[in-house]
Amino acid sequence: MSTARRKPYPFDIFEPKWQQHWDRQQTFHAPNPGELGFDSAKSKYYVLDMFPYPSGAGLHVGHPEGYTATDILGRYKRMRGCNVLHPMGWDAFGLPAEQYAIKTGQHPAVTTAQNVAHFKGQLQRLGFGYDWQREVNTTDPGYFRWTQWIFLQLYNSYYDPELKKAQPIALLEDALSLDPQRKAEWSENVYLLGTHSAYAGMDEEHRASLRENLLQYARLAYVSEAPVNWCSELGTVLANEEVIDGKSEVGGHPVERRPMRQWMLRITSYAQRLIDELDGLDWPEGIKLLQKNWIGRSEGAEVEFKTAEGSERIIVFTTRPDTLYGATYMVLAPEHALVEKIVTEEQWPAVREYRDKTARKSDLDRTDLAKDKTGVWTGAFAVNPVNGERIPIWIADYVLTGYGTGAIMAVPAHDERDWEFAKKFALPIREVVSSSPRLSVGLAGGGGSGVCNSEPLECFVGEGFAVNSGPLDGFSSEDAKAEITRLLTEQRLGFQTVNYKLRDWLFSRQRYWGEPFPIVWENGQHRALDASELPLRPPELADFKPTGTGEPPLAKATDWLRYSDKATRETNTMPQWAGSCWYYLRYCDAQNAARFVGTDAERYWMGGGQPGGVDLYVGGTEHAVLHLLYARFWHKVLFDLGHVSTPEPFQRLVNQGLILGEDGQKMSKSRGNVVNPDDVIVEYGADALRGYLMFMGPLEATKPWSMSGVEGIARFLARVWRLVMAEQQDGSWALGAVSAEAEPDKAQLRVIHASIKKVTADIEALSFNTALSQLMIFTNAFVNTTPRPLSAVRTLLTLLNPFAPHLTEELWQNLAARFGDAGELADAVWPAWDERLLIDDEIEIALQVNGKVRDKIVVLKDATREAVEAQARSSAKIAEWTAGKEIKKVIVVPGKLVNIVVA
RNA sequence: GGCGGCGUGGUGAAAUGGCAGACACAGCGGACUUAAAAUCCGCUGGGCUUAACCGCCCGUGCGGGUUCGAGUCCCGCCGCCGCUACCA
């Protein structure tokens, strides 16, 4: 009685054997153009995984799900004769590593190295065909040197709104110094840089400083004093995307808004291109939509109001300029710069109290109280530019600083939020849009518009026809928008514009474990390091904890900090997303010491095919608006500057679905339903794990784990094993009854060719579960055949190889030892099918009467329509069902069915 | 509230508008075995009918529609999951 469970086949012996073999032989190394062994006659296939963050917890089963899918594609494309680039690396900078290091008192470099080694070991035990010579690690100076270099590209560029692309900042510098006229134009229109709305909301002092520092401000990487998401618990600021429900995505700590000097990347300049250029991509529609919504384009107008005293301008953004006549009050965000200038003495105490209260509230609280509107009157009035009406100016937290201009005109009759607010504070409500065309019912006096003073009974947010709107009356909402915009433009009171929800990317973090900025400060001005000074390594710091004050930990490194007698280094570091923005480019030429990626290598792996880019990118949906948007942005900048050859990085994107625990719940430590891939490999082997992950359902579906499902796949693989191997008396395995002379019978031949066809199509379509079920059918068709035809067995092993590479390679080798054969299965050629063998001479088809199956008959494969119909009519059952009825129509679907329609 | 995805046996799931449930899991029965495991074979959506075969009816969340024919397409609901949230 042995305590160890007997293995159905000796995977524990041959799996490590083949893993070592592939590693020693560098089987999956993909030579670059110009490298020995490179074959330019082959076409390229670049298949990419989202590289993991090597956390202390190790791999979970979600990782190998996507990785197995790409591995299957890579191995398959290799057998189809492609040069396959299938790399792996580590996204190793970032908060968790640093927090873990603080907790354990070890340097993050040490813990990161340990975690990487652990992850790599786990991945290697799964038998993935990676080209490890291209391994990248974002924390490696040889890597982040180029992350810093790309930052300098951004820093030294601006976005030209006319060319709609990034240009070297030197061009702007020259243009502006040569052409004072143009400089004046640009200074007056800083919004050309793509920050129109932000500029409109600024106070004059801020604007003046902007104009003065136009060149600095125009850069794609610039410094801003804007309010940011500050998390005191983490001791850093966070990007909008990293804040969820007013809490940090990492750790769930409270986040407050605080003005700080930060580095920003001007992603908003690319908003339109980031939307438009999604069109040509083979991505899930849902992800495209998610990105579009995140960028949040909306068309409308900016309209200038003046305070009643006429001293201040208040600019608002609205998507409904047609409702301008219905604006009965205005609202500024509590933080709006203008509030201090317009608030009256009597209202100051109330305003100050309200502002303090909002500042203390997290975004979460603000959302929670969404139902109950709050606000305070400033005591000031504005003038509605179209009708000269005095309307009160309020502050309220339902108006956000971060969107539009931070100020709105409130049209309570046609906006739900304004409606609620007006109801609560008894502000006037005037209907200016009617759902049906009708005449104004107001008085027609003094050339002014007719105004109906009775308040509408409910809020109407739809489009319709303008009423109570002076010259707009009777216009459809669409026409009214165009007309009012025209009028406003004429009077220089407004203009048509496009607003985006997307904010510029807050790019600095007050952390130790990230890329230092290649920037020094002198006399309050920043300037770039020279590329030759890269990489800029972080200082060796014994104490790298956050200071808690917002001062970055790098400031503690006094020697490092000093760049020269006059200049000091920037102490912020880059966010974790930086390294992952371009890693797919580094893979193309990972060892290049002279460039971030060699030109030839980039052209070959990223260019190549028609649309270009990575041919297949597989990863989780959680990166839909973070990594995938940032990477596209960086790529476009590099493209504009001529450093890469395609405008988009990832041509085809597929999201693998979430794997739930056996209880149908999300896997989590607290639920105790987490599956560790290592345990599964020990028990069932890597091939069984890979096979199960692919068999459990469609790649993109969310699906629960099942241990007995793994056993099912293990049983199938064991059946394949025994198809080739026979167990000996002593328990060892030897080649079984396989014969080179044996031929598959007709039915088997059909199964073989149907399998080649289906498995090929299914792999291309990433439908791995159905490919495997076909391979089971293939296998089952031969289990009772002895001896097994060698050709059939070899075809089966070839088709199964991408899924179960160890098992099939081992069996292939055993067959070769007896029958002789050149080479390894990994290098074999993918089989082709013969369409003629797929169809039997006779086919069974269904006979229907009024769509219901009543009989089945066997017809010759090339029987004519008429012959099939005649045969159908001669069926006794059909005669029975159609007896005494008029046959109105007979539909013959060749090879499928005959449907007889009776009255 | 908005956007997106999904509803098919006991379970995971198949199905270019053409015979619903392939392939597995679990279950039941059998063979082999002293016995068990492993393996192999058979059955396995629900109901009615029959001694049995046969045969018939119902069935893809619900209600309509298009079609010779709908799990699949269209319209309207219900339920679950994910993302997002005062975006002017």
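Residue numbers begin at 1 in each chain, while the letters A, B, ... track the order of the sequences.
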Atom [atom1] of [X] to atom [atom2] of [N]: distance rounded to whole Å?
X      : N     : atom1 : atom2 : answer
A/L626 : B/C83 : CG    : C1'   : 12 Å
A/D855 : B/G55 : CG    : P     : 9 Å
A/R297 : B/A88 : CZ    : P     : 13 Å
A/K852 : B/C57 : NZ    : C1'   : 8 Å
A/Q665 : B/C81 : CD    : P     : 9 Å
A/F768 : B/C23 : CZ    : P     : 22 Å
A/I393 : B/A88 : CD1   : P     : 22 Å
A/E700 : B/C6  : CD    : P     : 10 Å

Is there a donor-acceptor pair closer than 3.5 Å between any side-chain N or O of [X] and the backbone N or O of [Y]?
X      : Y      : result
A/D397 : A/G375 : no
A/Q291 : A/A624 : yes
A/R430 : A/G326 : no
A/R320 : A/T318 : no
A/N769 : A/M696 : no
A/Q748 : A/A781 : yes
A/S875 : A/I878 : yes

Closest to the [X] side chain: [options]?
X      : options             : answer
A/I777 : B/C68, B/A88, B/A22 : B/A22
A/K889 : B/C87, B/A24, B/C68 : B/C68
A/T319 : B/A24, B/G18, B/A88 : B/A88
A/Y403 : B/C87, B/G69, B/C57 : B/C87
A/L289 : B/A88, B/G4, B/C23  : B/G4

*Take atom C1' in B/G4 and the same atom in B/C58, then report the distance between them in whole Å.*
35 Å

Identify all pairs in which a protein N or O lies below 3.5 Å from an N or O of nucleotides 38-48 of chain B, and state each distance.
from  : atom 1 : to     : atom 2 : distance (Å)
B/U39 : O3'    : A/R722 : NH2    : 3.1
B/C40 : OP1    : A/R722 : NH2    : 3.4
B/C41 : OP1    : A/N784 : ND2    : 3.4

*Determine the stems involving RNA chain B; a stem requires 3 or more consecutive pairs of the Watson-Crick or G-U wobble kind, each with both distances below 3.5 Å, and the answer is none if no such run exists.*
B:1-7 with B:78-84, B:10-12 with B:23-25, B:27-31 with B:39-43, B:45-48 with B:55-58, B:61-65 with B:73-77

_Determine whether a donor-acceptor pair (one donor, one acceptor, N or O, separation below 3.5 Å) exists between the side chain of A/K888 and the base of B/C68._
no

*Taking NZ, NE, NH1 and NH2 as the nitrogens, is one of them in A/E662 or A/R671 under 4.0 Å from a carboxylate oxygen of the other?*
no

*Under the side chain to side chain contact (heavy atoms under 4.5 Å, CB included) rule, collect the residues that match up with A/L427, sequence neighbours excluded.*
A/Y329, A/P392, A/W394, A/F421, A/A422, A/F425

For nucleotides 19-21 of chain B, which of its nitrogen or oxygen atoms have a protein nitrogen or oxygen under 3.5 Å away, and what is each distance?
from  : atom 1 : to     : atom 2 : distance (Å)
B/C19 : O2     : A/K856 : NZ     : 2.6
B/C19 : N4     : A/E844 : O      : 3.3

*asked:* Is B/G63 syn or anti, taking syn as a glycosidic angle within 90° of 0?
replied: anti

*Looking at residues at least two apart in the chain, or sitting in another chain, which of them share a ring-ring contact (aromatic ring centres under 6.0 Å, His included) with A/F716?*
none

*Using the six-membered ring wherever Trp is involved, compare the ring planes of A/F782 and A/F778 and label them parallel, tilted or perpendicular (cut-offs 30° and 60°).*
tilted

_Heavy atoms from other residues, nucleotides or ligands near CD of A/E844 exceed 12 (cutoff 6.0 Å)_ = yes

Using a cutoff of under 3.5 Å, can you pull out all pairs of nitrogen or oxygen atoms linking the protein to nucleotides 8-14 of chain B, with atom names and distances?
from  : atom 1 : to     : atom 2 : distance (Å)
B/G12 : O2'    : A/M696 : O      : 2.5
B/A14 : OP1    : A/N769 : ND2    : 3.0

*Find which nucleotide of RNA chain B each of A/G406 and A/G712 is nearest to by heavy atoms, and output the residue with the more 5' nucleotide.*
A/G712

*A/E302 versus A/V316: any side-chain heavy-atom pair under 4.5 Å?*
no

